[in-house]
Amino acid sequence: MAKPEEAAFEQRASANAGREEVSLVRGGPFYRAQEALRLVHPNHWHLGRRTTCALAIGWLPLVLITLLFNPRAVFGLLTDYTVNARMLFGVPVLLAGQPVMETAFRAIVGAVRDAGLLTPSDTDRLDKTLVRLIRLRDSVIPELIFVVIAYSKVAETVQTQLIYVRPWGMAVSAVGPHLTTAGWYYVLVSQLLYQLLILISLWKWLLWCIFLYRLSKMNLQLVPTHPDQHGGIGFLGLSPAAITPTFLVISAVIGATWRTEIFREHVHWLSFKVDAAVLLGVVLIVTMGPLLLFVPRLARLRRLGIFEYGALGQFESLQFHKRWIQHRVGREEEFPASPEASTLTDYGSSYQNIERLQPFPFDQGAFFALILAVAIPLLPVVLAEVPFVTVLKALLEAVR
C-alpha cells in the first residue's frame, strides 16, 4: 500500500515541480499550522495578520503578565533592548523574510527553465531534485529537531536572565533569585517562537543550497559570450537576497546583546571587533559559499572560450586583413557598404565579453544589501559609547 501512495505523491510533486509556482518555503508543520488557522493562503502570505498573531503570542503576554504581577517592572520590559530586538523587530522581519525568500527562489528556478540552460534529460533531473526537496520541506522531523534545539538552550537563557538581573523577568526570594512568571513565559514561549523562525529560515536556505549543488552538477548550456559576463547564470548571484532578512535579524540580536554588555559590564565597543569580523565571515561563507560551486565550470568556460573564439577571431581577422588591407587597391569605394567591418567589430565585442567573464556569479546589489544588513544593526553598539553627533561629523568629514 505504501508504494502506490508514494508513487502518487511523487507524481503530484513532479507535476508541481514542473510549474513556476513550486515553493521551497511553503511547507512543513509550522506552515501547515498557520494554514489551519487561516493565517496564510496559498496565494497570499497575509503578513499583517501573521505579525499581529505572532506579537500577540510572543510579546503581548509578557506585558500583560508583568502588569498583573509586577507593574513597576513594565517600563523595564518595554525598554529591554534585547527582548524588543527579538520580539518587536526580529519576529516581524523573519515573517516578512519568508515571502522574500519564496519570491527569490521562484524567480531563479523560473530563470533556469526559461533561459534554456538545461537539456531535456537535465530538466527531468531538475524536476526530480525539486520533488526530493519538497519532501524534505514537508518533513516533520526537522522542525521537531528545531524545537528540541530551542528548548535545549532553556538553561542558558535562564542563566542569562539571572546574570543581567532583569526585574520583569527575575525575582528574589528566600531561596534566592528565580524567574518570574513573565520570565518563564519568555523562556518557554517567546524565545521558542523567535528561535523556531530563525531555524526554519536557515533550513529553507539549506534546501536551496542543495538545489544549487544539484544544479551545478548538471550539463548546463553555458555561453562564454553571454552579456551578463557569467556564462548566462549571472542571476544566481541574486540568491543571497533570499537569506538577507534572516541575517539582518541575527545581526540585530547580536548587536543588542553587545550593547547590553557595554551598558551593564562597561566593556569597550572595540572589544567586539574580532567577533564582528567573525560574524561577517560566517555570513559571507553561508550566503556566498554555495555560489562557489559554479566557479570551476565558469573558469573552464572562459579558458575554452578564449581558445575557441580566439581561433575563429584569428581566421576572421586574417580574412579581413587580406581583403581590405593587402588587396584593397581599386576597391576602396566598396568598403563603406561591406559587412566585414561591422562583423569584425561585433565579433570583437563578443570576445571582450569572454575576457571579462567572471567565474563567480556575483550580483553587486545583493552583496551590498547583505553587507548593510549585517552592518547597520551593529551601529547601536558603537552609539552606546560614541555620541551620534560625533559619528555623523566623522562621516561628513570623510565624505569631503
Side-chain angles (χ1 to χ4, degrees), residues 25 30 34 39 45-66 74-102 146 150 153 157 160-161 164 166 168-169 182-183 185-202 204-205 240-264 269 272 275-276 279-280 282-283 286-287 369-384 388 391:
V25 181
F30 187 72
Q34 294 176 80
L39 295 176
W45 280 97
H46 295 301
L47 183 59
R49 186 185 305 175
R50 296 170 69 224
T51 301
T52 301
C53 182
L55 294 179
I57 294 173
W59 183 78
L60 185 59
L62 295 177
V63 178
L64 297 179
I65 293 172
T66 304
V74 170
F75 181 77
L77 171 61
L78 296 178
T79 57
D80 194 317
Y81 195 64
T82 57
V83 172
N84 293 333
R86 288 171 170 82
M87 295 294 108
L88 298 183
F89 177 77
V91 169
V93 171
L94 288 169
L95 291 174
Q98 291 177 347
V100 171
M101 180 176 285
E102 181 183 45
F146 299 156
K153 300 177 66 177
T157 307
T160 301
Q161 290 284 335
Y164 288 135
R166 293 166 173 150
W168 66 268
Y185 188 92
Y186 175 71
V187 169
L188 299 177
V189 179
S190 304
Q191 274 284 85
L192 174 64
L193 175 63
Y194 160 74
Q195 293 182 13
L196 189 60
L197 286 172
I198 286 281
L199 292 171
I200 288 177
S201 179
L202 293 176
K204 306 300 186 184
W205 178 252
I243 196 67
T244 294
T246 302
F247 282 113
L248 173 65
V249 172
I250 292 174
S251 182
V253 170
I254 292 175
T257 302
W258 290 349
R259 183 180 170 90
T260 301
E261 291 184 18
I262 289 174
F263 281 125
R264 298 190 178 184
W269 67 274
F272 299 110
D275 304 76
L279 171 63
L280 180 60
V282 170
V283 169
V286 172
T287 56
L370 181 65
I371 296 299
L372 290 176
V374 176
I376 290 178
L378 298 181
L379 185 59
V381 178
V382 179
L383 298 179
F388 176 74
V391 175

*Search all heavy atoms of Met101 against all heavy atoms of Val25 and return the closest pair with its distance.*
CG-CG2, 3.8 Å
*If you measure from CD on Gln34 to CZ on Arg50, what distance do you get to the nearest 0.5 Å?*
4.0 Å
*Partners meeting ring pair (Phe, Tyr, Trp, His ring centres under 6.0 Å) with Tyr185 (sequence neighbours left out)*: none
*Can you sort out the partners of Ser201 under side chain to side chain donor-acceptor pair (under 3.5 Å), two or more places apart, ordered by chain and number?*
Thr246
Donor-acceptor contacts, no H, no angles, side chain residues 87-95, under 3.5 Å, sequence neighbours left out:
none

_Any side-chain heavy-atom pair of Leu280 and Ile371 under 4.5 Å_ = yes
_Measuring from atom CG of Leu193 to atom CD1 of Ile198, what distance do you get when rounded to the nearest 0.5 angstrom?_
10.5 Å
*Ala182: side-chain contact (heavy atoms from CB on, under 4.5 Å) partners, not counting sequence neighbours*: Ile65, Thr66, Trp168, Thr180
_Pairwise distance CD(Gln195) to CG(Leu197) - rounded to 0.5 angstrom_ = 10.5 Å
*What residues, two or more places apart in sequence or in another chain, satisfy side chain to side chain donor-acceptor pair (under 3.5 Å) together with Arg259?*
none
*asked:* Could you work out, with side chain to side chain donor-acceptor pair (under 3.5 Å) as the rule, every residue matching Trp45, not counting sequence neighbours?
replied: Glu102
*For atom CZ of Phe263, decide whether the heavy atoms of other residues, nucleotides or ligands shown that lie under 6.0 angstrom number more than 12.*
yes
*Mind checking what makes side-chain contact (heavy atoms from CB on, under 4.5 Å) contact with Ala256, not counting sequence neighbours?*
Tyr81, Thr82, Ala85
Side-chain atoms of residues 53-64: list all donor-acceptor pairs with protein atoms under 3.5 Å, sequence neighbours left out, distances to 0.1 Å.
none

*asked:* Among residues at least two apart in sequence or on other chains, which ones pass side-chain contact (heavy atoms from CB on, under 4.5 Å) with Leu192?
replied: Val147, Ala150, Tyr151
_Gap between atom CG of Leu372 and atom CG of Leu248 - 0.5 Å precision_ = 10.0 Å
*Ala276 and Trp258: which non-hydrogen atoms are nearest, and at how many Å?*
N-CH2, 3.7 Å
*Ignoring hydrogens and geometry, is there a side-chain-to-backbone donor-acceptor pair from Asp80 to Gly76 under 3.5 Å?*
no
*How far apart are the closest heavy atoms of Gly255 and Val381, and which atoms are they?*
O-CG2, 3.3 Å
*For Leu279, side-chain contact (heavy atoms from CB on, under 4.5 Å) partners two or more places apart*: Ser251, Ile254, Val283, Val374, Leu378
*So do the side chains of Arg86 and Gln191 get within less than 4.5 Å of each other, counting heavy atoms only?*
yes
